[in-house]
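Notes to accompany the following structure.
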Amino acid sequence: MRRPVRPVLVVVAHGSRDPRHAATVHALVERVRSLRPGLRVETGFLDFNIPSVHGVLESLAAEGVRDVVALPLLLTRAFHAKADIPAVLRDAPPRLRIRQADVLGPSPLLLSALERRLYEAGLTPADKSSTGVVLASAGSSDPEAIAVIADIAREWWHTGWCAVRPAFASAGSPGGFPRTEDAVRELRALGCERVAVAPYVLAPGFLPDRIARGAAGADVLAEVLGAAPEVARVLLERYDTARLPLAAAVGA
């Protein structure tokens, strides 16, 4: 008996004028492919880069593909996950059965990826108790996203860091998060022996560059999460969860 075809995974990225963004997204997708040989993975962008999400979905429909899992390459459920992406998917060819997967965060694997980046930047596990960490994200006005970032910082602190402070790249926030540079100064005043900045972002671009500038007073600046293996594993977890209803519909 022929096995049903697995749904195609379409990774939905935001896009950026910064060429590093698309390069990082493609590197992450290649890592996902390497972890799951045989799974078809396509990439579509909401803006600035090609192919567009709509173009990818049109091409898949023209090929005769029926089932798709659309996975937002986002760390929190904010505007893009709640409005932009559903709108694009509603405009997809009607022959496609599409299920939107959850965003990547929060996940214990992402905390592991954050620590990986800090250790790659020069810290060691022995430094945790004397190091304050700024968990620096791009920023959001969405209350759900703000609450998630605060919860992640609190959870990460409980793993042994001297302190963990959430911060936004953009100035101020409804959640009361400081800018990166202000959080760095706060940790200095708290008495942490060293201060590290961990960007909670997936790819380089305008706001990650602002985080880097805000980290000028820190001792350590980690790289963005990028194509870390833990991030790729989260993508596959989200895909597997989302594909279950589609698999059930076709008897997979």
Side-chain angles (χ1 to χ4, degrees), residues 3-14 24-46 53 56-57 60 65 67-78 80-82 84-86 88-89 96-120 135 137-138 140 142 144-145 147-149 151-156 158-159 198-203 222-252:
R3 296 184 61 186
V5 177
R6 287 180 291 185
V8 174
L9 170 57
V10 175
V11 175
V12 180
H14 183 274
T24 302
V25 170
H26 290 311
L28 175 58
V29 168
E30 282 303 317
R31 188 176 287 275
V32 171
R33 291 187 179 118
S34 72
L35 291 176
R36 187 71 61 87
L39 173 63
R40 182 172 179 182
V41 187
E42 301 290 343
T43 307
F45 294 91
L46 292 173
V53 179
V56 169
L57 296 176
L60 291 174
V65 170
D67 295 309
V68 171
V69 169
L71 195 156
L73 200 60
L74 301 168
L75 294 172
T76 59
R77 288 190 72 251
H80 293 304
K82 295 178 179 179
D84 283 354
I85 293 175
V88 171
L89 299 183
L96 292 177
R97 290 187 298 200
I98 303 176
R99 185 162 182 88
Q100 181 176 331
D102 287 339
V103 297
L104 303 185
S107 166
L109 284 170
L110 294 179
L111 284 182
S112 296
L114 286 167
E115 294 212 2
R116 169 191 289 275
R117 293 304 188 218
L118 286 173
Y119 297 151
E120 289 171 349
L135 178 69
S137 61
S140 176
D142 186 282
E144 180 181 353
V148 166
I149 297 298
D151 287 345
I152 292 170
R154 188 162 40 248
E155 179 182 349
W156 203 15
H158 286 306
T159 67
Y200 190 59
V201 292
L202 286 166
E223 294 291 334
V224 298
L225 293 172
E230 296 88 351
V231 179
R233 287 167 57 196
V234 177
L235 262 72
L236 289 172
E237 284 185 357
R238 299 294 184 255
Y239 168 80
D240 288 336
T241 299
R243 72 180 286 264
L244 292 178
L246 293 173
V250 297

Which heavy atom in [X] sits nearest to a heavy atom in [Y], and how many Å separate them?
X: V103; Y: L74; answer: CB-O, 3.4 Å
X: P199; Y: L114; answer: O-CD2, 3.8 Å
X: P72; Y: I85; answer: CB-CD1, 3.5 Å
X: A113; Y: L225; answer: CB-CD2, 3.8 Å
X: A227; Y: T24; answer: N-CG2, 4.5 Å
X: V69; Y: A242; answer: CG1-CB, 3.8 Å

Could you tell me whether R238 atom CZ has more than 12 heavy atoms of other residues or ligands within 6.0 Å of it?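 More than 12 within 6.0 Å, yes.
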Do other residues, nucleotides or ligands put more than 12 heavy atoms under 6.0 Å from E223 CD?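 Atom CD in E223 is not crowded, with 12 or fewer foreign heavy atoms closer than 6.0 Å.
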Contacts of R77 that satisfy salt bridge (charged side-chain N to carboxylate O under 4.0 Å, His left out) - sequence neighbours left out: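 Salt bridge (charged side-chain N to carboxylate O under 4.0 Å, His left out) check on R77 returns E144.
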Residues forming a salt bridge (charged side-chain N to carboxylate O under 4.0 Å, His left out) with E120, sequence neighbours excluded: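 In terms of salt bridge (charged side-chain N to carboxylate O under 4.0 Å, His left out), with neighbours along the sequence ignored, E120 is linked to R116, R117.
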Between atom [atom1] of [X] and atom [atom2] of [Y], what is the distance when rounded to the nearest 0.5 Å?
X: E42; Y: R33; atom1: CD; atom2: CZ; value: 6.5 Å
X: L235; Y: L73; atom1: CG; atom2: CG; value: 6.0 Å
X: L9; Y: R40; atom1: CG; atom2: CZ; value: 11.0 Å
X: L104; Y: L109; atom1: CG; atom2: CG; value: 10.5 Å

Under the side chain to side chain contact (heavy atoms under 4.5 Å, CB included) criterion, do L39 and Y239 qualify, and how do the steps go? CA-CA 11 Å; L39 173 63; Y239 168 80; 3.3 Å; yes
Given V234, I149, L202, the one that forms side chain to side chain contact (heavy atoms under 4.5 Å, CB included) with L75: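 The side chain to side chain contact (heavy atoms under 4.5 Å, CB included) with L75 is passed solely by L202 among V234, I149, L202.
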Would you please name every residue forming a side chain to side chain contact (heavy atoms under 4.5 Å, CB included) with A232, sequence neighbours left out?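 A232: side chain to side chain contact (heavy atoms under 4.5 Å, CB included) contacts with L28, R31, V32, L35.
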Quick one: do T76 and D142 satisfy side chain to side chain contact (heavy atoms under 4.5 Å, CB included)? Show the steps, please. CA-CA 9 Å; T76 59; D142 186 282; over 6 Å; no
With a 4.5 Å limit on heavy-atom distance, are the side chains of L96 and L89 in contact?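 Result no, sub-4.5 Å side-chain heavy-atom pair not found.
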When you compare the side chain of D67 with that of V5, does any pair of heavy atoms fall below 4.5 Å?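 The answer is no, as the side chains (C-beta and beyond) never meet within the 4.5 Å cut-off.
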Taking the six-membered ring for Trp, are F45 and H80 ring centroids under 6.0 Å apart?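 Ring centroids of F45 and H80 are no less than 6.0 Å from each other.
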Kindly say whether P7 contributes a backbone atom to a donor-acceptor pair with the side chain of R97 at under 3.5 angstrom?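 Checked: no pair found.
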